[in-house]
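Here the structure comes first, spelled out in structure tokens, and everything after it is commentary.
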Amino acid sequence: MKAAALHAALHALPVVPLADIVPGTAMILAPHPDDESLGCGGLIAACCAAGRPPLVVVMTDGVASHPHSSGWPATRLRMQRQGETLRAVACLGLAAQRVVFLNLPDTAVPHEGRLFTRVVTTLAGLARRHGCATVLAPWWADPHCDHEATWKTGVALCQQGGFALWAYPVWGWLLAPDREMDEGAPHGVRLDITACRAAKAQAVRMHESQYGGLITDDPTGFTLPETLLDALITDFEVFVRP
């Protein structure tokens, strides 16, 4: 299946109520500060409105977005990105106490090994402590090493703890249309986030360091592409079963 056909199939998935995706409390694994809003902002807002606020776990410190900035060294950028995340989830109705920062090195989330096992164990403890029954992790087809590793972490976590698992696409929406995918027809659902779309857009805007106007002394610095924002800030969010 080519990526264009896969994208079309994702857009045609059935729309279901929130309770069919998250019947209780969700744990959302975000590879970087901003993925929680980009991929799941509508779901977070809907869960909060339903009185079931999720637990958001940000895996990395996000400092690789501007590695050559002298004005924003790693320590300052780490604090900035944490603050952006807390302001973002506040737009969605989520309290700061429901956000956990693991501060793993950006671009270096483990895919296996001792640290991988330790991260899974930490997340399992958080899930039990907060009564999480469902885990949402980035789509396995997202072409980014941290997204891939976070997906593997979600799989291991659910295998260990017996949680339900969904994947949410982020960078996978920008796969080249003619790219051959090792995928069959996707099994998943869409969540109507029309009522939460404005809140999601506002949350994404809180990640100001990622828009190119705040940090200006690193010509290699990351900027959120408009094509990604157009793909993600819509009336629906997509969640896929492995």
Side-chain angles (χ1 to χ4, degrees), residues 1-16 20-22 26 28-44 58-60 62 64-65 106-112 134-158 164-194 196-197 200-201 203-205 207 210-212 220-242:
M1 177 180 286
K2 291 187 181 293
L6 180 57
H7 289 157
L10 292 173
H11 281 125
L13 290 171
V15 178
V16 301
D20 287 5
I21 305 170
V22 181
I28 297 169
L29 303 181
H32 309 101
D34 72 7
D35 287 312
E36 80 297 325
S37 300
L38 291 166
C40 297
L43 180 135
I44 293 171
V58 182
M59 301 289 282
T60 71
S65 67
D106 196 353
T107 72
V109 177
H111 289 244
E112 59 185 357
T134 305
V135 174
L136 295 96
W139 191 31
W140 56 88
D142 270 8
H144 188 292
C145 60
D146 287 338
H147 287 235
E148 295 168 3
T150 302
W151 167 250
K152 293 176 183 178
T153 301
V155 171
L157 172 62
C158 291
L165 179 63
W166 292 97
Y168 61 90
V170 179
W171 289 101
W173 289 117
L174 298 190
L175 293 170
D178 61 349
R179 176 170 172 171
E180 289 288 348
M181 302 295 296
D182 187 21
E183 300 276 337
H187 299 283
V189 298
R190 288 183 296 153
L191 178 67
D192 185 344
I193 63 163
T194 305
C196 308
R197 178 173 175 168
K200 175 174 179 170
V204 171
R205 286 196 297 270
H207 293 281
Q210 305 304 290
Y211 278 87
T220 69
F222 172 79
T223 300
L224 281 166
E226 287 296 329
T227 49
L228 183 67
L229 298 175
D230 290 343
L232 289 169
I233 303 176
T234 68
D235 289 339
F236 298 94
E237 287 177 344
V238 170
F239 302 95
V240 188
R241 289 288 195 195

Handout entry: Asp142 side chain to Gly172 backbone, donor-acceptor under 3.5 Å
Key = yes

Handout entry: Stepwise side chain to side chain contact (heavy atoms under 4.5 Å, CB included) test for His187 and Val240
Key = CA-CA 6 Å; His187 299 283; Val240 188; 5.6 Å; no

Handout entry: Closest non-hydrogen atom pair between Asp230 and Thr234, with its separation
Key = O-CG2, 3.4 Å

Handout entry: Audit row: Ile44, Ile28, side chain to side chain contact (heavy atoms under 4.5 Å, CB included) steps and yes/no
Key = CA-CA 9 Å; Ile44 293 171; Ile28 297 169; 3.4 Å; yes

Practice task
Check the pair Ile233 / Arg197 against side chain to side chain contact (heavy atoms under 4.5 Å, CB included), numbers first and verdict last.
Solution key: CA-CA 7 Å; Ile233 303 176; Arg197 178 173 175 168; 4.2 Å; yes

Problem - Carboxylate-amine/guanidinium proximity below 4.0 Å for Glu112 and Lys152 - result: no

Handout entry: pair Val204-Leu229: side-chain heavy atoms closer than 4.5 Å
Key = yes

Handout entry: Donor-acceptor pair, side chain of Asp35 and main chain of Ala30, under 3.5 angstrom
Key = no

Handout entry: Flag side-chain contact, heavy atom, 4.5 Å: Gln210 against Thr223
Key = no

Practice task
Heavy atoms only: give me the nearest Gly154-Leu29 pair and the separation to one decimal.
Solution key: CA-CD1, 3.9 Å

Problem - 4.5 Å side-chain heavy-atom contact, Asp106 and His32 - result: yes

Problem - Val170 side chain reached by His147 side chain, heavy atoms, under 4.5 Å - result: yes

Completion exercise
Separation between CE (Met1) and CG (Leu6), nearest 0.5 Å, reads 6.0 Å

Fill in the blank from the handout: Smallest heavy-atom separation, Cys196 atom then Gly42 atom, equals SG-O, 3.9 Å

Fill in the blank from the handout: d(Glu237 CD, Trp166 CH2) to nearest 0.5 Å is 13.0 Å

Exercise for the section: To the nearest 0.5 Å, tell me how far Asp34 CG sits from Leu228 CG. Expected result: 8.5 Å

Practice task
Decide yes or no on side chain to side chain contact (heavy atoms under 4.5 Å, CB included) for Phe239 and Val16, but give the supporting numbers first.
Solution key: CA-CA 11 Å; Phe239 302 95; Val16 301; over 6 Å; no

Completion exercise
Closest non-hydrogen contact found for Leu175 with Ala141 is CD1-O, 4.1 Å

Problem - Spacing of Asp146 atom CG and His111 atom NE2 [to the nearest 0.5 Å] - result: 7.0 Å

Exercise for the section: Please check if the side chain of Thr150 supplies one atom and the backbone of Pro138 the other of a donor-acceptor pair under 3.5 Å. Expected result: no

Practice task
Give, for atom CG of Leu191 and atom CG of Asp20, the distance between the pair rounded to the nearest 0.5 Å.
Solution key: 10.0 Å

Completion exercise
Of all heavy-atom pairs linking Pro33 and Gly62, the shortest is CD-CA, 3.9 Å

Practice task
Return the minimal non-hydrogen interatomic distance between Leu136 and Ala26, and the atom names on each side.
Solution key: CD1-CB, 3.6 Å

Handout entry: Between Trp140 and Glu183: side-chain donor-acceptor atoms closer than 3.5 Å
Key = yes

Practice task
Determine whether Val109 and Pro31 make a side-chain contact, defined as any pair of heavy atoms from C-beta on separated by less than 4.5 Å.
Solution key: no

Problem - Lys/Arg-Asp/Glu bridge criterion (N-O < 4.0 Å) met for Glu180, Lys2 - result: yes

Problem - Point-to-point distance, once rounded to the nearest 0.5 Å, from CG of Leu165 to CZ of Arg241 - result: 7.5 Å

Practice task
Would you please indicate if the ring centroids of His7 and Trp173 are separated by under 6.0 Å?
Solution key: yes

Handout entry: His207-Glu36 side chain donor-acceptor pair, cut-off 3.5 Å
Key = yes

Handout entry: Arg190 side chain vs His11 backbone, donor-acceptor pair below 3.5 Å
Key = yes

Exercise for the section: Ignoring hydrogens and angles, tell me if any N or O in the side chain of Lys200 forms a donor-acceptor pair with the backbone of Leu38 under 3.5 Å. Expected result: yes

